[in-house]
Amino acid sequence: MAARKLGRGVALVGAGMTNFGAFPGLSTRDLFVDAFVEMRNSVDKGFDPADIESLVIGNYSSTLFENQNFTAPFMATALGLVPIPATRVESACASSGVAFRQGVMNVASGLADVVLVGGIEKETDLPTAKVTDTLATASDSQFENPSGFTFPGLYALLATAYMDAYGATPETFMQVGIKNHENGALNPKAQFGQSIPQIMASKRASAEKRGKPVPSWDNELAFMHDDRSNPVIAWPMRLFDCSPVSDGAVAMLLVAEEIAHNFTDKPLHIIGTGQGSDVPTYERESLTSLKCAKVAAAQAYEMAGVGPGDIDACEVHDCFTIAEVIASEDLGFFKPGHAHGAIAEGQTRRDGARPINSSGGLKSKGHPVGATGGGQICEIWKQLRGEAGERQLPGDPSVGMTHNLGGSGMAAAIHIFERRN
Ligand code: COA
């Protein structure tokens, strides 16, 4: 594929998100308005919402989760943005990553100077079994779904293939979960904002209070191996390998590079964007890497003129812990089959050589699917501007990347960001 450049430069000048979690009584409209308000407050020099020329919103399925189709004009209405164009983008769990790319293209093409990109999902009104069915409509309804595959099952398939090919063990995945909960404990937006030691302590305290036998685990891995505290969902994926069922919303403001200084002195420039697709699991040559992500990463790196070694901060799509392992190889951080060794050495921790998912990732921060890609961008916004608080990465990061997957890895959207001052 020929190397591509944007028609003109695009900058991110504001980003905001709700907490991710379960919010009974709040609709996606309420959540999106909250995310918009936070985004507006994040624009250093302020702006007039009347200047927004276009809205692109990522949403997997308000249709099935909330009985509300045709989401985009309702979101524009909620913010008082009509009659600007309002477009919904659906790409399963990559919906807001792909929406962001569409927003970038709106600005890069010259169609608009100021574009609002959003991401929304409200999953927790349904019981888990219904959520599982709704999410499973993003798997193949002809073959995967009727064979009994759920998303935990599909990622378990990738996990067993990876273990078989490279000699990894379930402990590799447990280490990813432990690390992401450690990071999420420092993220006030996280749905499960507790480290594994904190969860162990609260489970002990709760057993003591109820007069039940108090569990004794020697360490975090013992907790992770315990079928009572960490039951198998779809082997080898256990509870603490799965992202949760979540609600949440995000909002991001994109503008033409030449006017970015009107909004902030610290914009993030979009220096690379890539998107790829793939066939369903049963038609793939390999289950140990995801072609859509490799293709998207190659496009984004080429456009940006950077390589894996230049990325200071990276959020990857750990819908299940195996997905983070594979992503770290697909993005070129580790050679195929080498991620599990690097994870065991602690290289992907915040203080490691290759930090991944400083936000806590989908595992701990939460995974409201249509808002997830935007949530990753919100973390990069904070990290590159030095605003990530206790979880701020060392070394003044200036180049960041997001990796947002859809379904079992049938879609990927990847972006690279740079702060220049
Ligand atoms: N990680 C850790 N703990 C979790 C959790 C998760 N993902 N999901 C729920 N829990 C905890 C709850 O806090 C609760 O803890 P408590 O008993 O101490 O209060 C307990 O587990 C039971 O919660 P509940 O909501 O009843 O869990 P559940 O059995 O209904 O759902 C999963 C658990 C794993 C099935 C569900 O989170 C899930 O389906 N995740 C995957 C979502 C998905 O597929 N997303 C798309 C990816 S492509």
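Order of listing sets the numbers, starting from 1, for every ligand and every atom in it. All of these numbers come straight from a predicted model, not from anything done at the bench.
The shortest contact between atom 12 (C) of ligand 1 and any protein heavy atom is with Phe192 CZ, 4.3 Å. Taking atom 28 (P) of ligand 1 as the reference point, the nearest protein heavy-atom neighbour is Thr128 OG1, 3.8 Å. Nearest protein heavy-atom neighbour of atom 1 (N) of ligand 1: Lys363 NZ, 2.9 Å. Ranking the protein heavy atoms by distance from atom 36 (C) of ligand 1 puts Val245 CG2, 4.0 Å first.
Within the 4.0 angstrom cut-off, atom 10 (N) of ligand 1 has one or more protein heavy-atom neighbours. The protein does not reach atom 17 (O) of ligand 1 closely, with no heavy atom under 4.0 angstrom from it. Protein heavy atoms are found less than 4.0 angstrom from atom 5 (C) of ligand 1. Under the 4.0 angstrom criterion, atom 14 (C) of ligand 1 counts as lacking any protein heavy-atom contact. Proximity of atom 24 (P) of ligand 1 to the protein is not indicated, since no non-hydrogen protein atom lies closer than 4.0 angstrom. For atom 47 (C) of ligand 1, a protein heavy-atom neighbour is found at a distance under 4.0 Å.
Shown in contact with Leu135 at under 4.0 Å from a heavy atom are these atoms of ligand 1, numbered in order with element: 43 (C), 44 (O), 45 (N), 46 (C). Close approach of ligand 1 to Phe240 (heavy-atom distance below 4.0 Å) involves ligand atoms 2 (C). Of all atoms in ligand 1, listed by their number and element, those nearer than 4.0 Å to a heavy atom of Lys203 are 18 (O). Taking every non-hydrogen atom of His367 and a distance limit under 4.0 Å, the qualifying atoms of ligand 1 come out as 45 (N), 46 (C), 47 (C). Listed by number with element, the atoms of ligand 1 under 4.0 Å from a non-hydrogen atom of Pro244 are 7 (N), 37 (O).
Relative to atom 21 (O) of ligand 1, the option among Thr134, Asn230, Leu239 with the closest non-hydrogen atom is Leu239. For atom 37 (O) of ligand 1, the choice among Ala22, Cys242, Ser243, Ser202 with the nearest heavy atom turns out to be Ser243.
Side chain to side chain, Tyr282 and Ser408 fail the donor-acceptor criterion of an N or O pair below 3.5 Å. With 3.5 Å as the limit, one finds a donor-acceptor pair spanning the side chains of Asp247 and Thr124. Side-chain contact annotation: Gln175 with His340, donor-acceptor N/O pair under 3.5 Å absent. Counting only N and O atoms by type, the side chains of Glu329 and Tyr162 include a donor and acceptor under 3.5 Å apart. A donor and an acceptor atom, one from each side chain of Ser358 and Arg391, are nowhere located under 3.5 Å apart. Between Thr87 and Gln102, the side chains place no donor N or O within less than 3.5 Å of an acceptor N or O (distance only, hydrogens not considered).
Among the atoms of Thr132, none of the N or O lies under 3.5 angstrom from an N or O of ligand 1. The distance criterion of under 3.5 Å between nitrogen or oxygen atoms is not met by Cys93 with respect to ligand 1.
Checked against the 6.0 Å centroid criterion, the rings of Phe100 and His415 qualify as a close aromatic pair.
Each of Phe173, Phe223, Phe320 was evaluated against Phe240; a single residue qualifies, Phe223, per the ring-ring contact (aromatic ring centres under 6.0 Å, His included) test.
Taking a cutoff of 4.0 Å between a charged side-chain nitrogen and a carboxylate oxygen, Asp30 and Lys122 do not qualify as a salt bridge.
Put simply, the side chain of Phe417 does not reach to within 4.5 Å of the side chain of Ile271, judged on heavy atoms.
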>> Let's go through Asn59 and Glu90 carefully: what are the C-alpha distance in whole Å and the side-chain angles of both, what is the deciding distance for side chain to side chain donor-acceptor pair (under 3.5 Å) to 0.1 Å, and is it a yes or a no?
In response: CA-CA 6 Å; Asn59 171 231; Glu90 188 274 306; over 6 Å; no

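The nearest pair of heavy atoms linking Gly119 to Ser96 is CA-CB, 3.9 Å.
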